[in-house]
Trainee: 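Pasting in a structure now, in structure tokens, and then I'll have a few things to ask.
Note that these values count all heavy atoms, side chains included, but never hydrogens, waters or copies made by symmetry. Order of appearance sets the numbers: ligands from 1, and atoms from 1 within every ligand.
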Amino acid sequence: MTPPPGLPARLEHFIGGAHVASTDSATFEVADPVTNRPYATVAAGGPKDIDRAVTAAAKAFTDGPWPGLPARARARVLNKIADAIEGRAARIAELETFDTGLPVTQARGQAARAAENFRFFADMTVTLHEDAFSSPGQFGYVIRKPAGVAGLITPWNTPFMLETWKLAPALASGCTVVLKPAEWTPLSASLLPAIMTEAGLPDGVFNLVHGIGEAAGAALVAHPGVPRISFTGETTTGQTVMAAAAPHLKGLSMELGGKSPCVVFADADLDQATDSALFGVFSLNGERCTAGSRILAERAVYHALVTRLATRAEHIRVGDPADPRTELGALVHPEHYARVLGYVRAGQDEGARLVAGGARPAHLAGGNYLAATVFADVEESMRIFREEIFGPVVCVTPFADEAEAIRLANATSYGLAAYVWTRDLARAHRVARAVESGMTWINSHNVRDLRTPFGGVKASGFGREGGPHSLDFYTESRIVHIPLGDTGVPRFGA
Ligand code: NAD
């Protein structure tokens, strides 16, 4: 892959409206996943940089106009941010593809969704209204206030889209923010300062601190001036974040890992189920929290489905992420690549049947490439069945009946998404109800509706993002009561 033209050699923080280096001048290097050669030096934030950013955000919150603006005025800025993203969509996709290894056609879709995140929350904020509670003796109404400085911590898969998925509702709510992007993929976030400035967002409302999770991320979570942390990342990191936030009693939204089942009953439309199952696990390089990475197939169609999945997987085009024909690009980082390959070995060692992929494609000598990999006859005791792989690897497991399908679907600590394929409507609803997942799609792949609650149960996290759920997280709802007559107060000491 040729590096995109005009690639910045240095990436800096953006604090209080200015591009700045770290206070101690610390930096780290970032590489692209095709050559694994460093392409830029990035400011490595620490507690002092986080403190500067939180101070700037707190000042913009208490002294600046942003939290008090009428919703329409904030929505105008959010729409201008969306315009600025759309104006740069090709550049965002190009940089994202270079930095993450995501196929460029998919990165373009993510850039469009990033703009939509801002448009959606612009619309929400102008139509927002509050509850009022009327009874004969008393009237109550809700006042909603922005929570303050929001800390946003994001992962390396679809970085730009996920950053905007947090920025848009936080800004719509009137919060000011400090964003800490993932250290493996800081490039697309470096476009945000110009986007925010061009849209007229006041200085200090948006702050960006790059850095390693254990330093910059941890400092953001530990900072007493940040009452909200929205975190997306691994379950184990989420546990660390929760423990660090506990002494401050911070509000947390935790979007964590997944190992989502795709349950295919014998009466399903097998053509559609096959397309959906393949897209569900191999799009975004399989580095997708909602990937349907365990395909559970009813015995009557099991062998047919395994054959279809294997044949199609062998034909998935793996290669240069910047080539629009590529369906599966390069995995984000050599460490992650090694981890995914470790799972492929574990699957073979534990006796699963490898029916497609399992290795670097022969035509790709370098880069973090793995052919689309399908394991059949996967048993629930195997690590590849239970643990999140977060790469282009799918497990297929047979089931005998509905009860076994539900049991297997729930035989993991995660509970993010589920996909159910059947023509039996009543069964579809029964299974959707019984599967432990935050989100279920029946006879469909992951099609999002931004109004709906997004999030997981069990080890996949807690709190919901999307529509009013996001605005609830970034605001405080306060109730005001007023009596409409005699409230009958007991007269102590009278
Ligand atoms: P990660 O947990 O390693 O890192 C996520 C972010 O947390 C990064 O910005 C990192 O720097 C930061 N971080 C690391 N240690 C920290 C600490 N001690 N304190 C504060 N911040 C810290 O996750 P990742 O490898 O970047 O992302 C992949 C994971 O994200 C997968 O498990 C995937 O399922 C999950 N994910 C979940 C969703 C969802 O919505 N549920 C969406 C996308 C990704």
Trainee: Is there at least one pair of N or O atoms, one from L256 and one from ligand 1, spaced under 3.5 Å apart?
Mentor: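 It does: an N or O of L256 is found under 3.5 Å from an N or O of ligand 1.
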Trainee: With only distance considered, is E234 within less than 3.5 Å of ligand 1 through an N or O on each side?
Mentor: yes
Trainee: Check whether F390 forms a cation-pi arrangement with R288 (NZ or CZ under 6.0 Å from the six-membered ring centre, at most 45° off the ring normal).
Mentor: no
Trainee: Which of the atoms of ligand 1 are close to L416, meaning less than 4.0 Å from one of its heavy atoms?
Mentor: 41 (N)
Trainee: Please report whether ligand 1 has a polar contact with S460, defined as an N or O pair separated by less than 3.5 Å (distance criterion only).
Mentor: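 Looking only at distances, the answer is no, because the N/O contact criterion of under 3.5 Å is not met.
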Trainee: Are Y39 and F98 close enough that their ring centers fall under 6.0 Å?
Mentor: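 Ring-ring flag for Y39/F98: true, centres closer than 6.0 Å.
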Trainee: In Å and rounded to the nearest 0.5 Å, what is the OG1 to CD1 distance from T373 to I384?
Mentor: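 If I round to the nearest 0.5 Å, the distance is 10.0 Å.
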Trainee: So, Y414 and E388: side-chain donor and acceptor under 3.5 Å apart, yes or no?
Mentor: no
Trainee: Please report whether the ring centroid of H336 lies less than 6.0 Å from that of W156.
Mentor: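 Yes - the distance between ring centres of W156 and H336 falls below the 6.0 Å cut-off.
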Trainee: Output yes when the distance from some N or O of ligand 1 to some N or O of E388 is under 3.5 Å, and no in every other case.
Mentor: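 Yes.
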Trainee: Any side-chain donor paired with an acceptor under 3.5 Å for E380 and T397?
Mentor: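 Note: E380 and T397 side chains miss the donor-acceptor criterion.
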Trainee: Are side-chain N/O atoms of K166 and T232 paired as donor and acceptor at under 3.5 Å?
Mentor: yes
Trainee: What's the shortest distance from atom 35 (C) of ligand 1 to any protein heavy atom, and which residue and atom give it?
Mentor: G233 O, 3.3 Å
Trainee: Less than 4.0 Å is my threshold; does some heavy atom of T290 fall inside it relative to ligand 1?
Mentor: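 It does not; every heavy atom stays at 4.0 Å or beyond.
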Trainee: Tell me which protein heavy atom sits closest to atom 21 (N) of ligand 1, plus the residue, atom name and distance to 0.1 Å.
Mentor: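 I find the closest protein heavy atom is G217 CA, 3.6 Å.
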Trainee: So does G466 get a backbone contact from the side chain of R451, meaning a donor-acceptor N/O pair under 3.5 Å?
Mentor: no
Trainee: Answer yes or no for F454: is there a heavy-atom contact with ligand 1 below 4.0 Å?
Mentor: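 Per 4.0 Å heavy-atom rule, F454 contacts ligand 1.
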Trainee: Decide whether an N or O pair under 3.5 Å exists between T240 and ligand 1.
Mentor: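 No; every N/O pair is 3.5 Å or more apart.
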Trainee: Ignoring angles and geometry beyond distance, decide whether G213 reaches within less than 3.5 Å of ligand 1 through its nitrogen or oxygen atoms.
Mentor: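 Yes.
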